[in-house]
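Take a look at the structure set out below.
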Amino acid sequence: MALSRWERFAVLLLRLLSRACRAVLGLLPAPAPPRAASPATARAVPPPRSELLLLPARELARRLRTRQVSVCVMCSAGVVPALPSPHAAPTDLLAPCVCSQVKCIEVVEAYIERIREVNPLINAVVKDRFEEALQEARQVDQLLAEGRADDSLDKYPFLGVPFTVKEAFSLHGMPNTSGLVKRCCVISSTDAIVVGRLKQAGAIPLGVTNCSELCMWFESSNRVYGRTSNPYNLQHIAGGSSGGEGSILAAACSVIGVGSDIGGSIRMPAFFNGVFGHKPSTGVVPNDGQFPMAYGVRRSFLCTGPMCRYAGDLEPMLRVMAGPEVHKLKLDEDVSLKKIKFFCMDHDGGSMFVYPVEKEILQAQKKVVEHLERDLGVQVQRVSIHKMKYSFQIWSAMMSSQDSDGTEAQCFTELLGDHGKPVWPLWELLKWLVGMSSHTLPAIALGLTEKVMKLSPSTNAKLVSMGKSLQAEMETLLGPDGVLLYPPHPTVAPRHNYPICMPFNFAYTAIFNVLGLPVTQCPLGLSSEGLPLGIQLVAASYNDRLTLAVARYLEEAFGGWVPPGKA
């Protein structure tokens with residue numbers, strides 16, 4: 001499909017802007033976080049020292065319930081024990097030796113101590129609720145001491161498990177700005193549906209985490225809270241828009257978290273920070289209670305989903321978050337990995353809008369293919385889907401298209417105005433150049449891009465049609481038993497500010513939002529630079545159980561999450 005006149009103009013303009021940004025990148029103003037500054041000599045966060053921080057959520061809940069959680073004397077001596085396998089039998093995990101039983105409040109205290117240790121470096125938690133969390137932990141201990149929770153696993157599957165929430169979601173008593181200065185005084189009086197469901201399942205929220213301005217950029221930086229850093233290298237980004245969640249999980253300050261995804265906002269941070277994230281099938285997990293809320297066609301593209309350090313926690317989280325709609329996913333059906341039809345695609349076909357996929361990412365994907373073929377005896381089929389080359393254009397066109405009832409998606413410039421007058425991006429750009437804008441450069445650039453993309457309605461209509469055709473093609477290819485292996489991003493986590501020079505690389509994740517397909521992001525160890533590698537696992541609609549099963553398998557094969565700072 002040939003580029004339109006306006007697309008050629010946009011590409012030329014963006015290339016010029018990219019070169020200009022590269023020339024002045026060191027001069028870009030980075031909003032300083034309101035917390036302690038990062039030490040100049042720190043490269044990564046220190047590794048976790050407490051064994052309590054290394055337990056998967058499902059195992060932590062089980063041991064709290066049966067009062068079998070234990071802390072080894074090695075912890076008090078400052079020795080970091082070997083990381084227990086999340087696939088080990090319950091009796092193999094932290095079997096009681098010379099250890100004492102630990103209460104829920106001690107678990108919460110361990111996580112609070114860890115956050116206080118590393119958050120000044122990464123600026124991921126932007127508002128905590130430690131006192132409330134400690135009080136809720138005492139209530140859990142009392143419930144357990146009285147024996148009232150022994151037979152209620154179904155009701156409280158995450159009893160006593162600490163978790164964190166993306167600041168874009170409502171959490172009672174916490175701010176809900178989504179990084180917008182005009183909302184800096186907004187405090188949530190209720191819980192988002194998914195947050196409420198996790199709390200009802202017994203989980204204890206520790207606080208809210210940073211995101212990009214209005215959740216529409218893949219570096220979590222804004223004028224309200226500042227910038228979040230990657231725990232593996234503080235000079236690199238944590239991703240966005242759920243970057244605070246990705247960073248805090250990878251730093252072992254939380255074990256499970258809540259994210260949202262309309263263009264890769266769960267999967268990019270999960271990839272950049274070496275943790276697991278899942279974008280569910282469309283319409284299964286409710287999006288209510290977050291800002292900005294999606295309208296028109298975007299209601300089908302925005303997905304709320306789980307993020308965590310251990311693959312085995314994805315499914316129980318998904319069950320809780322989905323509530324009564326979970327039946328659509330048939331999670332109780334057994335999955336035979338040997339019967340899955342695996343497909344592999346190394347890149348999008350060479351889009352001029354995005355960077356080529358880095359060699360180490362391709363090598364990691366190749367190792368997955370070789371392992372699947374050797375260990376499972378399956379044949380991974382390489383495919384080339386031509387329309388994927390237009391992923392960015394398709395996503396952009398479908399995001400701005402009308403719903404079936406004629407409802408148009410809300411303009412980004414209107415969201416920036418937050419119920420006031422829409423922001424004029426050119427004027428904001430001039431203000432930004434002299435340091436007078438309350439918005440970030442990526443938000444202003446997105447407003448400008450939105451204006452340009454709307455100048456060619458006929459081209460957009462063709463792209464929407466292409467997107468629907470691609471959706472049908474992908475559903476047919478994957479069928480009831482197919483999983484596609486696909487890169488999560490062209491590069492590993494870039495340095496701070498660099499995304500402005502590669503603004504459309506998110507197309508590798510965004511395309512699956514408009515296609516409505518479930519995707520699980522799975523870590524695959526670290527690169528030669530010590531930054532996380534990973535892969536996307538894609539299935540047909542409502543076949544989430546396939547990608548979740550493959551993620552658990554790959555975690556066992558490749559090690560899953562790697563604690564930062566061990567090198």
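The basis for the numbers below is simple: all heavy atoms, side chains too, and nothing from hydrogens, waters or symmetry mates.
Here the side chain of Ser242 pairs a donor or acceptor atom with the backbone of Ser265 at under 3.5 angstrom. One N or O on the side chain of Asn273 and one on the backbone of Pro269 form a donor-acceptor pair closer than 3.5 Å. Without hydrogens or angle criteria, Ser229 side chain to Ile122 main chain gives no donor-acceptor distance under 3.5 Å. Side-chain N or O atoms of Arg197 include one that pairs as donor or acceptor with a backbone N or O of Met321 at under 3.5 Å. At distances below 3.5 Å, not a single donor-acceptor pair connects side-chain atoms of Trp432 with backbone N or O atoms of Ile444. Panel note: side chain Lys279, backbone Leu517; a donor-acceptor pair is recorded below 3.5 Å. Not one N or O on the side chain of Glu373 forms a donor-acceptor pair closer than 3.5 Å with the backbone of Gln379. For Asn210 (side chain) and Ala124 (main-chain N/O), no donor-acceptor pair under 3.5 Å exists by modelled atom type. Remark: the backbone N or O of Ala461 is not paired with any side-chain donor or acceptor of Ser465 at under 3.5 angstrom. Side chain of Ser247 to main chain of Gly243: no donor-acceptor pair is present (N/O by atom type, distance under 3.5 Å, no hydrogens or angles).
The shortest distance between side-chain heavy atoms of Val208 and Asn176 does not fall below 4.5 Å. Ile248 places a side-chain heavy atom less than 4.5 Å from the side chain of Thr164. The shortest side-chain heavy-atom distance between Glu473 and Ile385 falls under the 4.5 Å cut-off. Considering only heavy atoms from C-beta on, Leu533 stays 4.5 Å or farther from Leu526 through its side chain. Here the side chains of Ile361 and Phe271 are in contact, with some heavy-atom distance below 4.5 Å. With a 4.5 Å cut-off on side-chain heavy atoms, Tyr390 and Met466 count as touching. In this structure, the side chains of Leu302 and Ser260 come closer than 4.5 Å at one or more pairs of heavy atoms. Side-chain contact between His278 and Gln521: absent, with no pair of heavy atoms (C-beta onward) separated by less than 4.5 Å.
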Practice item. Any chance you could lay out the salt bridge (Lys or Arg N to Asp or Glu O under 4.0 Å) test for Asp346 and Arg382, step after step, and finish with the verdict? Key: CA-CA 8 Å; Asp346 290 339; Arg382 292 195 172 274; 3.0 Å; yes
Exercise for review: Quick one: do His236 and Phe272 satisfy side chain to side chain contact (heavy atoms under 4.5 Å, CB included)? Show the steps, please.
Suggested key: CA-CA 9 Å; His236 289 246; Phe272 291 154; over 6 Å; no
Check your understanding: Can Ile237 and Asn230 be said to form a side chain to side chain contact (heavy atoms under 4.5 Å, CB included), step by step?
Key -> CA-CA 5 Å; Ile237 73 170; Asn230 192 303; 6.0 Å; no
Check your understanding: Taking it one step at a time, do Leu515 and Ile511 satisfy side chain to side chain contact (heavy atoms under 4.5 Å, CB included)?
Key -> CA-CA 6 Å; Leu515 298 182; Ile511 187 61; 4.0 Å; yes
Practice item. Start with the C-alpha gap between Asp348 and Lys387, add the side-chain angles, then the distance that decides, and say whether salt bridge (Lys or Arg N to Asp or Glu O under 4.0 Å) holds. Key: CA-CA 8 Å; Asp348 65 0; Lys387 296 183 184 70; over 6 Å; no
Exercise for review: Please assess Ile256 against Phe158 for the test side chain to side chain contact (heavy atoms under 4.5 Å, CB included), listing each intermediate value before the final yes or no.
Suggested key: CA-CA 10 Å; Ile256 56 176; Phe158 290 109; 4.1 Å; yes
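A salt bridge is absent between Arg298 and Asp403; no separation between the charged side-chain nitrogens and carboxylate oxygens falls under 4.0 Å. Salt bridge absent: Arg545 and Glu315 never bring a charged side-chain N and a carboxylate O closer than 4.0 Å. A salt bridge is defined here as a Lys NZ or Arg NE, NH1 or NH2 lying under 4.0 Å from an Asp or Glu carboxylate O, and Asp261 with Lys166 fails to meet this definition.
Side-chain contact of Thr520 with Thr547: a donor-acceptor pair under 3.5 Å is present, judged by distance alone. Between the side chains of Glu245 and Thr209, a donor-acceptor pair is found at a separation under 3.5 Å. Side-chain contact check for Asn287 and Thr304: at least one donor-acceptor pair (N or O, by modelled atom type) lies under 3.5 Å. No side-chain donor from either of Lys389 and Ser351 sits under 3.5 Å from a side-chain acceptor of the other. In this structure, a donor-acceptor pair under 3.5 Å is present between the side chains of Tyr553 and Asp375. For the residue pair Ser178 and Glu167, no side-chain donor N or O sits within less than 3.5 Å of a side-chain acceptor on the partner. Looking at Glu219 and His496, their side chains do bring a donor and an acceptor atom within 3.5 Å of each other. Donor-acceptor pairing under 3.5 Å is lacking for the side chains of Thr509 and Gln536. Side-chain contact, Glu475 with Ser541: a donor N or O sits under 3.5 Å from an acceptor N or O. Defined by atom type and a distance below 3.5 Å, a donor-acceptor pair is present between the side-chain atoms of Asn513 and Arg267. Between the side chains of Ser281 and Lys328, no donor-acceptor pair of N or O atoms lies under 3.5 Å.
In this structure, Phe506 has its ring center closer than 6.0 angstrom to the ring center of Trp395. Annotation: Tyr355 is not in aromatic contact with His489 [ring centroid separation under 6.0 Å not met]. Ring centers of Tyr508 and Tyr486: under 6.0 Å apart, within the cut-off.
In this structure, CG in Leu372 is found 6.0 Å from CG in Leu554, a value given to the nearest 0.5 Å. Atom CZ in Phe343 sits 10.0 Å away from atom CG in Leu485 (nearest 0.5 Å). The distance from atom CG of Leu470 to atom NZ of Lys468, rounded to the nearest 0.5 Å, is 13.0 Å. Residue Glu213 holds its CD atom at 4.0 Å from OG1 of Thr440, rounded to the nearest 0.5 Å. Between the CG atom of Leu214 and the CG atom of Leu180 there is a distance of 5.0 Å, given to the nearest 0.5 Å. The line from CG of Leu314 to CG of Leu548 is 6.0 Å long, rounded to the nearest 0.5 Å.
Nearest heavy-atom pair, Val255 versus Leu249, reported as atom, atom and distance to 0.1 Å: C-CD2, 3.5 Å. The shortest non-hydrogen separation linking Tyr310 to Phe276 is C-CD1, 3.9 Å. Across every non-hydrogen atom of Phe512 and Met388, the tightest pair is CZ-CE, 3.9 Å. Across Pro532 and Val492, no two heavy atoms sit closer than the pair O-CG1, 3.8 Å. Of all heavy-atom pairs between Thr282 and Gly516, the closest is OG1-CA, 3.3 Å. In this structure, Ser170 and Val195 approach most closely via the heavy-atom pair O-CG2, 3.8 Å.
Tested against Thr228, the residues Cys211, Ser221, Ser212, Ser220 include a single side chain to side chain contact (heavy atoms under 4.5 Å, CB included) partner, Ser220.
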